[in-house]
Novice: 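This structure is in structure tokens; I'll ask about it shortly.
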Amino acid sequence: MRVLLLSSCLFVGGLAHAANDLPGGGIDPQALSRHVRVLASDEFEGRAPATEGEERTVQYLIEQFRSYGLQPGGVDGTWVQPVPLVRAQLAGPAVATLSLKGGTRRLVNGEDVTLQSLQPRDSVQLKDAPLVFVGYGIDAPERNWDDYKGTDLRGKIAVMLINDADFETDAPGAFDGKAVTYYGRWTYKFEEAARRGAAGVLIVHETAPAAYGWATVKSSGTSPLFDIQRSNDDAMAQHTPLRGWMQRSLAEAIFADAGLDFDAEKRKAQKADFKPVVLDNATLSAAFKLKREAVVTRNVVAKLHGGEHGDEAVIFSAHWDAFGIGQPDAKGDRVRHGAIDNATGVATVLELGRVFAAGPQPQRTLYFVALTAEEKGLLGASYYATHPLAPLEKTAAVLNIEMFSPDGATRDIASWGKGRVSLEGDLERVAKARGRTYSPDPNLEAGFFYRADHFAFARLGVPAITVGPGLDKREGGVEAGRALREKYFADCYHQACDAWTPTWDPAGHAADTLLVYDLGAELANSRTWPTWEEGSEFRKAREASDAARR
């Protein structure tokens, strides 16, 4: 495995040389596997922010970075960037009752629905709040789309669909076909309902348009929520009193009780002339107490000082957090280990730090950043992007890493979503130089571009991508790769079984890390600046920062 990797050729800065000429002996597959095994162990308790698991994670990362000879890149000469947040969680059970024409039904939190709140309050008390179906919950003037049509949602629960209105249509419409936009993300839907003054939001879960099963919703929806610290007024305005999801089967029953067919109403919502529908006689009562506390979690930051152009930066990032300890699974395991998601990404950042530190000084300064609270809404990345340790206008690129595979080598590598950024072409080029191929995201409908930490940088104009594994396995091809990925998302995504095992095969992980190194080495020593392509929503922001830099 190591021999295979070291026998390939590397092309950086116009000079071809053998991969075994890489600093530090090149990318070490066993080191990658070891990092994952440690970070995903029971001892690290699922790496939830602001827990003992975080403390162990942060100390491990600092120890590794220091051992490589890297320098602290955090605040005031430390290895960390504190990220102040608010943690909110239910203090006790949630009691919820659905009233219909056909009678009342007690709802079980985590089974029928997930109920949470980020408003600054001690408790949530809703009594007989009417339910209103608002389609996909999208207001997009530039696409001539408004699901709300002026409906007053004060005191009401907005029921809405996940993803975009194009997802299940025969042909692309106002959106981008199956390639989900930010309007399709649950984060946007909660934000828009808050702007509308809704008392609550319930998103109808369906596995295909959500891109994950109910087990993932339950895991996330019964975990503590995190938010950036805001003023009381701002927090009240930014969040609805109640937010959550409901099972599709529950939605079907609610619609049927109102004399409606769920699928028929969904088809109506796929057209711009859709109008909100009051779900006759359907009301929700909910009561639960909240525990809110200010917490400080941490981004871990190491850097390698650049030479002639050391005022410019390249960032390698991955999120270190997972979902901590939850309800026991069928085997009694409560630790949601987060091995693939995303100990693999952190392992890559560590190994890149080791290899770069062993080599010649780069021209640009390199930052190796393990970000916190990605699973809570990209909060660590968003905090860094608004409190950058290197000026964003001087940051050439962000290479974020997510969920490399434990299942052996592939012929291809991929990036998440369609970013319309030159880095995608650059990744394709370095892959070809290694005799591999680049595969555009085969699952654009999952909206991965908006679900990874690079998005926090992209929306501020910094060219950024998330690099992930390909599907074309060397043993079994695309069919085998797709089957493994679908099984992971169906069974283990955000679950306890996302764990390191002795059968872990790091060959593909190492080969993919090598390509990130290739691209990173070019960026570290190049005088070119990656760019957003025509049609990118982030191009304007970068052009403004380019003008400031010049």
Novice: Could you tell me which non-hydrogen atom of Ala496 sits nearest to which non-hydrogen atom of Asp329, and how far apart they are?
Specialist: CB-OD2, 3.4 Å
Novice: Check whether any side-chain heavy atom of Pro463 lies under 4.5 Å from a side-chain heavy atom of Phe457, and answer yes or no.
Specialist: no
Novice: Look up atom CG in Leu514 and atom CD1 in Ile413, then write down how far apart they are to the nearest 0.5 Å.
Specialist: 9.5 Å
Novice: Residues two or more places apart in sequence or in another chain: which of them pass ring pair (Phe, Tyr, Trp, His ring centres under 6.0 Å) with Phe538?
Specialist: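 Applying ring pair (Phe, Tyr, Trp, His ring centres under 6.0 Å) to Phe538 gives Phe449, Trp532.
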Novice: Just how far is it from atom CG of Leu399 to atom OG1 of Thr466, taken to the nearest 0.5 Å?
Specialist: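 Between atom CG of Leu399 and atom OG1 of Thr466 there are 9.5 Å.
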Novice: Say whether His494 and Ser219, considering side chains only, have a donor N or O and an acceptor N or O under 3.5 Å apart.
Specialist: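 Not at all, the side chains of His494 and Ser219 share no donor-acceptor pair under 3.5 Å.
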Novice: Does Arg243 form a side chain to side chain contact (heavy atoms under 4.5 Å, CB included) with Trp186? I'd like the steps, not just the answer.
Specialist: CA-CA 10 Å; Arg243 58 187 266 179; Trp186 58 265; 3.4 Å; yes
Novice: Quick one: does Leu225's side chain get under 4.5 Å of Gln116's, heavy atoms only?
Specialist: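 Yes - at least one pair of side-chain heavy atoms lies under 4.5 Å apart.
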Novice: Under 4.5 Å between any side-chain heavy atoms of Ile203 and Leu161, yes or no?
Specialist: no
Novice: Tell me if a side-chain donor or acceptor on Asp164 pairs with a main-chain N or O of Thr181 at a distance below 3.5 Å.
Specialist: yes
Novice: Quick one: does Val83's side chain get under 4.5 Å of Leu371's, heavy atoms only?
Specialist: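 Counting from C-beta outward, Val83 and Leu371 never come under 4.5 Å.
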Novice: Run the side-chain contact (heavy atoms from CB on, under 4.5 Å) test against Leu290 and tell me which residues pass, sequence neighbours left out.
Specialist: Leu90, Ser117, Arg121, Val124, Phe288
Novice: Are the side chain of Gln495 and the backbone of Ala215 linked by a donor-acceptor contact shorter than 3.5 Å?
Specialist: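 Judged by distance alone, yes, a pair lies under 3.5 Å.
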Novice: Over 60° means perpendicular and under 30° means parallel, so classify the ring planes of Phe65 and Phe368, tilted if in between.
Specialist: tilted
Novice: When rounded to the nearest 0.5 angstrom, what is the spacing between OG in Ser223 and NZ in Lys218?
Specialist: 11.0 Å
Novice: Under a 3.5 Å threshold, yes or no: a donor from one side chain and an acceptor from the other, between Ser415 and Tyr438?
Specialist: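 Tyr438 and Ser415 do have a side-chain donor-acceptor pair below 3.5 Å.
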Novice: Please find the pair of heavy atoms, one from Pro72 and one from Gly77, that lie closest to each other, and give the distance.
Specialist: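 The answer is CB-O, 3.4 Å.
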Novice: So, Glu522 and Arg429, do they make that salt bridge, N to O below 4.0 Å?
Specialist: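 So Glu522 pairs with Arg429 through a salt bridge.
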Novice: For the backbone of Thr216 and the side chain of Ser220, can you confirm whether one donor and one acceptor N or O come within less than 3.5 Å of each other?
Specialist: yes
Novice: Is Asp512 paired with Arg436 through a side-chain N to carboxylate O contact shorter than 4.0 Å?
Specialist: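 A salt bridge links Arg436 with Asp512.
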Novice: In terms of the angle between their ring planes, are Tyr212 and Tyr493 parallel, tilted or perpendicular, with boundaries placed at 30° and 60°?
Specialist: tilted
Novice: For the residue pair Val295 and Ala50, what are the closest heavy atoms and their distance?
Specialist: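 What the structure gives for the nearest pair is CB-CB, 3.9 Å.
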Novice: Please tell me if the side chains of Val516 and Phe404 come closer than 4.5 Å, counting only heavy atoms from C-beta onward.
Specialist: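 Touching, per the 4.5 Å side-chain cut-off.
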Novice: For the pair Thr51 (side chain) and Gly53 (backbone), establish whether a donor and an acceptor sit closer than 3.5 Å, ignoring hydrogens and angles.
Specialist: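 Judged by distance alone, yes, a pair lies under 3.5 Å.
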Novice: To the nearest 0.5 Å, how far apart are CZ in Arg47 and CD in Glu55?
Specialist: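 Rounded to the nearest 0.5 Å, the CZ-CD separation comes to 15.0 Å.
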Novice: To the nearest 0.5 Å, what is the distance between CG (Asn342) and CG (Asp498)?
Specialist: 9.5 Å
Novice: Is there a donor-acceptor pair under 3.5 Å between the side chain of Glu54 and the backbone N or O of Arg298?
Specialist: yes
Novice: In terms of side-chain geometry, is the basic nitrogen of Glu63 or Arg66 positioned less than 4.0 Å from the acidic oxygen of its partner?
Specialist: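 Answer for the salt bridge query: no.
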Novice: Applying side chain to side chain contact (heavy atoms under 4.5 Å, CB included), run through Val80 and Val58 and close with a yes or a no.
Specialist: CA-CA 8 Å; Val80 300; Val58 168; 4.0 Å; yes
Novice: Taking atom types as modelled and ignoring hydrogens, do the side chains of Glu191 and His239 form a donor-acceptor contact shorter than 3.5 angstrom?
Specialist: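 No, no side-chain donor-acceptor pair sits under 3.5 Å.
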Novice: Return the minimal non-hydrogen interatomic distance between Ala458 and Ala464, and the atom names on each side.
Specialist: N-CB, 4.4 Å
Novice: In this structure, is the centre-to-centre distance between the rings of Tyr517 and Phe356 below 6.0 Å?
Specialist: yes
Novice: Compute whether any side-chain donor of one residue and acceptor of the other, for Asp412 and Ser439, lie under 3.5 angstrom apart.
Specialist: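 A pair is found: one side chain offers a donor N or O, the other an acceptor, under 3.5 Å apart.
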Novice: Taking side chain as C-beta onward, heavy atoms only, is Val86 less than 4.5 Å from Arg292?
Specialist: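 They are in contact (side-chain heavy atoms under 4.5 Å apart), so the answer is yes.
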Novice: What's the separation between atom CZ in Phe323 and atom OG1 in Thr222, rounded to the nearest 0.5 Å?
Specialist: 9.5 Å
Novice: Check whether any side-chain heavy atom of Leu366 lies under 4.5 Å from a side-chain heavy atom of Lys303, and answer yes or no.
Specialist: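 Not in contact.
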Novice: Any chance the side chains of Tyr488 and Asp341 put a donor and an acceptor closer than 3.5 Å?
Specialist: no
Novice: Does a donor on one side chain and an acceptor on the other come within less than 3.5 Å for Tyr182 and Thr187?
Specialist: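 Per modelled atom types, Tyr182 and Thr187 side chains form a pair under 3.5 Å.
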Novice: Are Glu45 and Arg56 within salt-bridge range, i.e. N to O under 4.0 Å?
Specialist: yes
Novice: Which of parallel (below 30°), tilted (30 to 60°) and perpendicular (above 60°) describes His205 and Trp214?
Specialist: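 Rings of His205 and Trp214: perpendicular, over 60°.
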Novice: Would you say Thr365's side chain and His305's backbone share a donor-acceptor pair under 3.5 angstrom?
Specialist: no
Novice: Going by atom types only, do Trp500 and Ser41 share a side-chain donor-acceptor pair under 3.5 Å?
Specialist: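 Distance-only check fails for Trp500 and Ser41.
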Novice: Checking side-chain hydrogen bond (donor to acceptor under 3.5 Å, both in side chains) for the pair Asp321/Thr372: CA distance, chi angles, key distance, verdict?
Specialist: CA-CA 6 Å; Asp321 65 303; Thr372 185; 5.4 Å; no
Novice: Can you name the closest pair of heavy atoms from Asn400 and Ser317 and give their distance?
Specialist: OD1-OG, 2.7 Å
Novice: Who pairs with Asp407 by side-chain contact (heavy atoms from CB on, under 4.5 Å), at least two apart in sequence or on another chain?
Specialist: Ser405, Lys473, Leu484
Novice: Given 3.5 Å as the limit, does a donor-acceptor pair link the side chain of Arg364 with the main chain of Ala396, or not?
Specialist: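 Answer holds: no.
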Novice: Would you say the side-chain atoms of Thr513 pair up with the backbone N or O of His509, donor to acceptor, closer than 3.5 Å?
Specialist: yes
Novice: Could you go step by step and tell me if Leu202 and Leu250 meet the side chain to side chain contact (heavy atoms under 4.5 Å, CB included) rule?
Specialist: CA-CA 11 Å; Leu202 287 175; Leu250 177 60; over 6 Å; no
Novice: Start with the C-alpha distance between Glu402 and His454, add both sets of side-chain angles, then the distance that settles side chain to side chain contact (heavy atoms under 4.5 Å, CB included), and finish with yes or no.
Specialist: CA-CA 10 Å; Glu402 275 271 358; His454 77 277; over 6 Å; no
Novice: Check Thr57 against Phe44 and note the closest heavy-atom contact, atom names and distance.
Specialist: OG1-CD2, 3.4 Å
Novice: Thr114 side chain to Trp245 main-chain N or O, any donor-acceptor pair under 3.5 Å?
Specialist: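 Side chain of Thr114 to backbone of Trp245: a pair is present.
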Novice: Determine whether more than 12 heavy atoms belonging to other residues, nucleotides or ligands lie under 6.0 Å from atom CD of Gln327.
Specialist: no
Novice: Report yes if the side chains of Asp28 and Leu32 come closer than 4.5 Å at any heavy-atom pair, otherwise no.
Specialist: no
Novice: Would Arg451 and Glu374 satisfy salt bridge (charged side-chain N to carboxylate O under 4.0 Å, His left out), going step by step from the backbone distance to the final call?
Specialist: CA-CA 9 Å; Arg451 291 168 58 179; Glu374 188 266 0; over 6 Å; no
Novice: Does Ser33 reach the main-chain N or O of Pro29 with its side chain, forming a donor-acceptor pair under 3.5 Å?
Specialist: no
